[in-house]
Amino acid sequence: MATLRVIDAASHQGDMNQAAMDFDALIVKATEGTGYVNPYCDGEFQEAWKLGKKLGVYHFARNTRNRAEAEADYFIKHTKGYVGKAIPVLDWEDQEPSDTGWALQWLRLVEKAYGCKPLIYMSESVVNSYDWSSVVKGNYGLWVAKYADNVPDYNFDMAGAGKAPSVKWWSTIAMWQWTSVGRLNGHNGNLDCSVFYGDRAAWDRYAGIVSDSGDGQKPVQPDGEVKEKAGIFQSQNNQMGEVSYQGHLRQTGWAAWQCDGAMVGSTGQSRRIEALRIQPVKQMDVTVHMRETGDQTYKNITKETVIGTVGESRRLEALKIESADTVYLYRVHQREFGWSEWCVNGQWAGVKGKSRQMEAVEIKVADIAYIGHVQGTGDTIWMADGMTAGTTGQQKRLEAVRIKSQHCGEVYAQAHIQQEGWKDYGKIDQNTVIGTIGDSLRLECLRLKGDFEWRAHIQGSGWTQWTRADGIATLGTVGESLRMEAVEMRKRS
């Protein structure tokens, strides 16, 4: 059986001269509880990475009651740069060992973030003393500690190093730590030494690393295996429009251009989007969240700007669009989460920090956009096409609105304002403040004209019916001292 020689390190080892040490893999302590980060972790990790060593990172559990999620989130936050490079490990020692449900929750949360199965480390006595069947059923591997009685050579000469542990719940073990007083050239202190039962390709499969293993075995893909004949794939004909966009897709490359709300990418195929190109109306900034890299912003993009990477097998995970002149709507389809809600300028589409790939994107120019100025909080962001601008259930007055028509023709507005009565604004644009700002006066009634319909949320009565903006109908009240609280607008169907 192929094996790898493994050492693990915390902070007490200090700096190690790894180049002078003979080992195959390093597992380094990253975090403990929710308040400690190993200051040597990244330095040791990066040195081992440069030397071509296999890697893991571990979290020392403190098991504060009902805090598994908090400890998992803490570990994920401080090790996100190691996703796709290392096996995550839960070190189960200084806590209530019978609380196996706590361990299972941590393992599941980290698996979701890393896209691979973490290992759990514990002593042979703890393994055999409690019921770990739920962890075994979850297919989480075991790294077990049982020190050998006779170890003739600390330099990983495993011959005669003692019999590997037998454990009650696991039929096989992934790793065995056989000593805590191992010695290697290049380091003067004691080392925790383990043996991994597998070769480098097997390690990669545990870690979910995408690589050419060279051993004829297909490596595990952290983004799942592509399912060519499943789900839905985008149109293969180029379509250019008001806003056009193109995706670089896993195992496909640059797919055909799509536009104005049509889908780029696929659903149900586990085919990640690695990069985008967008031809905007005018000015546009785009921020994407990428595997390992995190947030990356591209300013004043053009049709030729590559948003993401090509040839690096690096997934996009979330998308944000910002524009000084155009209001866009966009959404993404993300592995395991499905389609996001439609988002508007400045909002994130997609879930960050969960290591799940974007698989499809849709972008369009909003038909009609609007901002509400709300008591105590000021302007909302641009809302569009049926979204709510303002509040409901908070007893806050709407003091002003601004409207930006992008596909709904010219817009005219009249408003009834507390103390001031009716005011005619005539033809308005996105800069016209319909109402007041800084005067603490409520909007009470509106009359709008344009190629759209709208409704209002009124104090005491809630939402009105959807009403055509014909320049005649009014929504709200006059003479009743009731506040408007929110509005919604959409193009007439």
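These values consider heavy atoms only, across backbone and side chains, with no hydrogens, waters or symmetry-generated copies.
Every residue meeting the side-chain contact (heavy atoms from CB on, under 4.5 Å) condition with Val365, not counting sequence neighbours, appears here in chain and number order: Glu242, Val243, Val281, Thr326, Tyr328, Gln406, His407. Scored by the side-chain hydrogen bond (donor to acceptor under 3.5 Å, both in side chains) test, Gln239 finds Ser235, Gln258 as partners (sequence neighbours excluded).
Pairs passing the ring-ring contact (aromatic ring centres under 6.0 Å, His included) check and including a residue from residues 242-263, sequence neighbours excluded, read His248-Trp254.
In this structure, Trp92 has its ring center no closer than 6.0 Å to that of Phe60. In summary, the aromatic rings of Tyr58 and Tyr121 are positioned with their centroids too far apart to meet the 6.0 Å limit.
Within 6.0 Å of atom CD1 in Ile437, more than 12 heavy atoms from other residues, nucleotides or ligands are found, so the atom counts as buried in its surroundings.
Between Tyr114 and Phe75, the angle of the ring planes stays under 30°, which puts this pair in the parallel group of the 30/60° scheme. Ring orientation note: the planes of Trp132 and Trp170 are tilted relative to one another, at an angle of 30° to 60°.
The existence of a salt bridge linking Asp385 and Arg490 is excluded, since no basic side-chain nitrogen approaches an acidic carboxylate oxygen closer than 4.0 Å. Taking the charged nitrogens against the carboxylate oxygens, Asp429 and Arg402 have no contact shorter than 4.0 Å, which rules out a salt bridge. Taking the charged nitrogens against the carboxylate oxygens, Arg331 and Glu362 do have a contact shorter than 4.0 Å, which makes a salt bridge.
Geometrically, Lys364 engages Trp342 in a cation-pi contact defined by less than 6.0 Å to the ring centre and at most 45° from the axis.
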